[in-house]
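In what follows, a structure is listed as structure tokens, so that the remarks can point back to it.
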Amino acid sequence: MFYLMSSVGDLTVTIFIIILVLPSSMGIDSGYRTCTSSLFSCGNVSNVGYPFWGDGRPRYCGLPALQLQCLHSEKGEWPTLTIGSKDEAPYNVLSMKQFDSYITLELQGFQNIPCTSHNKNISDIFKFSSSVENIKLLYNCPSDIDAHNFNGSVPCNQGDTEYQAYYGSNMSALKDYASYCSSIEVPVFRNELDLYNKGEVQSLAEVLSQGFEVNYEYSPECLGCKNSGGICGSSNVSEFVCLCKNGSSDYACQKQDTGSNFRLPKNSRASNKSRRLIILVGSACLALGISMLLLVKLCRLRKRRPTRKFAVF
């Protein structure tokens, strides 16, 4: 009898622990722990978080259009950034000021750039800093063009065709060429361009090699998420998701995450209630199933035990 009571007591304790622990273990992490622990580090940048992802940092930890990669060679390693489609030319990340949200980029392979404007996909996501100026380069010009009318040029390619892309400091005086040539715009540092125009920098390629600076700003939704104790992320259906310790939401983390007064939209609260209900029902079913298995085992053990016979004196 004591054996049976002890077994039932152990069973009760086991079920109680399962009910307490299981809901938290089944809770949806939503990527919070993964994104906070898998920061991007490569070369001259370290511990890079949102809005970037890549190279071991999951896609949902950043914006889908901002993928970082770490390239390796005998000279070391350096980070690159692909903006938008993978077909776009990547940029070398020269420096990153995470506190101020500034990043200095350089078009990869600047000495043989694609004959496309490089500021369109950037300006959709970033803002150029006040130290940057977009210069116009003319290419696909007539073969008899007088290169002496320009300050310099760099090669650019379009498919398998290579052109010379010309730059002139006084483009208004060269407006007649606009009807004969194609044009692209390239961002550069204004001070580097001034030095080039003064003859203190030898080549236009050297100006391009210094890159350009952009600023990335956090959206109001992301700021609200961070203030509520969450971290910013994304999903397959939304460019922004607030990743919290106990799930995810469209805007901010729930009150129990941080003790703050942030409230979720109704649809998010309903979603979290449904999740909690599913977890509780699942926990109860699992606990019931384990209880039944243990009870069956106890019954079998009792049947196997030999029956004690008491002698009557």
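- We find the CD-CD distance between E192 and Q210 to be 4.5 Å, quoted to the nearest 0.5 Å.
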(message) side chain to side chain contact (heavy atoms under 4.5 Å, CB included), that's the test. Do N47 and S41 meet it? Break it down for me.
(response) CA-CA 5 Å; N47 299 324; S41 295; 3.8 Å; yes

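- By the rule that hydrophobic residues join a cluster once side-chain heavy atoms approach within less than 4.5 Å of another member, F128 and F126 end up as members of one cluster.
- Under the 4.5 Å side-chain criterion, counting only non-hydrogen atoms from C-beta, L94 is not in contact with I103.
- Side-chain atoms of W53 come within 3.5 Å of backbone N or O of L63 as a donor-acceptor pair.
- You'll find the side chain of P58 reaches within 4.5 Å of the side chain of S38, heavy atoms only.
- When atom types are taken as modelled, the side chain of D146 and the backbone of H148 share a donor-acceptor pair closer than 3.5 angstrom.
- S153 and Q164 form a side-chain donor-acceptor contact under 3.5 Å, judged by distance and modelled atom types alone.
- At a threshold of 4.5 Å between non-hydrogen side-chain atoms, the residues L208 and L107 do not count as touching.
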(request) Evaluate side chain to side chain contact (heavy atoms under 4.5 Å, CB included) for Y91 paired with F212, printing each intermediate quantity in order. (result) CA-CA 11 Å; Y91 296 86; F212 55 92; 3.8 Å; yes

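- In terms of the side chain to side chain donor-acceptor pair (under 3.5 Å) criterion, residue partners of E221 (sequence neighbours excluded) are, by chain and number, S219.
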(request) Carefully, step by step, assess K97 and E213 under the rule salt bridge (Lys or Arg N to Asp or Glu O under 4.0 Å). (result) CA-CA 10 Å; K97 304 173 186 175; E213 189 176 60; 3.6 Å; yes

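- In the hydrophobic cluster analysis, where Ile, Leu, Val, Met, Phe, Trp and Tyr join through side-chain heavy atoms closer than 4.5 angstrom, W78 is grouped apart from L39.
- For S238 (side chain) and S235 (main-chain N/O), no donor-acceptor pair under 3.5 Å exists by modelled atom type.
- Listed for the S234 side chain is no donor-acceptor partner under 3.5 Å among the backbone atoms of E239.
- For the pair K127 and Y216, the cation-pi criterion (under 6.0 Å, within 45° of the ring axis) is not fulfilled.
- S46 approaches Q98 most closely through the heavy-atom pair O-NE2, 2.9 Å.
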(request) Walk me through it: do F40 and C70 pass the test side chain to side chain contact (heavy atoms under 4.5 Å, CB included)? (result) CA-CA 9 Å; F40 177 88; C70 190; 4.3 Å; yes

(request) Decide yes or no on disulfide (SG to SG under 2.5 Å) for C242 and C253, but give the supporting numbers first. (result) CA-CA 7 Å; C242 185; C253 297; 3.8 Å; no

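- Of all heavy-atom pairs spanning Q69 and D55, the tightest one is CA-CB, 4.4 Å.
- Residues S248 and L243 share a closest heavy-atom pair of CB-CD2, 4.3 Å.
- The main-chain N or O of S101 is found under 3.5 Å from a side-chain atom of N215 such that the two form a donor-acceptor pair.
- Here the two rings, on Y251 and F240, have centers that are 6.0 Å apart or farther.
- The aromatic rings of Y218 and Y50 lie parallel to each other, with less than 30° between the two planes, well short of the 60° mark.
- Closest heavy-atom contact between R57 and C35: NH1-O, 3.0 Å.
- Contact between Y196 and N151 at its shortest, heavy atoms only, is OH-O, 2.9 Å.
- Closest approach of E162 to P155, counting heavy atoms only: OE2-CB, 3.9 Å.
- Side-chain contact check for T36 versus I231: some heavy-atom pair is nearer than 4.5 Å.
- Here the CG atom belonging to L105 is positioned 9.0 Å from the CG atom belonging to N92, to the nearest 0.5 angstrom.
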(request) Start with the C-alpha gap between L138 and Y180, add the side-chain angles, then the distance that decides, and say whether side chain to side chain contact (heavy atoms under 4.5 Å, CB included) holds. (result) CA-CA 9 Å; L138 300 179; Y180 300 102; over 6 Å; no

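- Counting heavy atoms from C-beta outward, L193 and Y167 have side chains that approach closer than 4.5 Å.
- Between C225 and C232, a gap of 2.5 Å or greater is found separating the two SG atoms.
- In this structure, the separation between CD on E106 and OG1 on T80 is 11.5 Å, given to the nearest 0.5 Å.
- A donor-acceptor pair is defined here as one N or O able to donate and one able to accept, closer than 3.5 Å; no such pair exists between the side chain of E133 and the backbone of R190.
- The number of heavy atoms from other shown groups lying within 6.0 Å of CG (D100) is above 12.
- Put simply, the side chain of L137 reaches to within 4.5 Å of the side chain of L204, judged on heavy atoms.
- Not a single donor-acceptor pair under 3.5 Å links the side chain of N140 to the backbone N or O of Y163.
- V241 has its side chain out of reach of D250: every pair of non-hydrogen atoms, C-beta onward, lies at least 4.5 Å apart.
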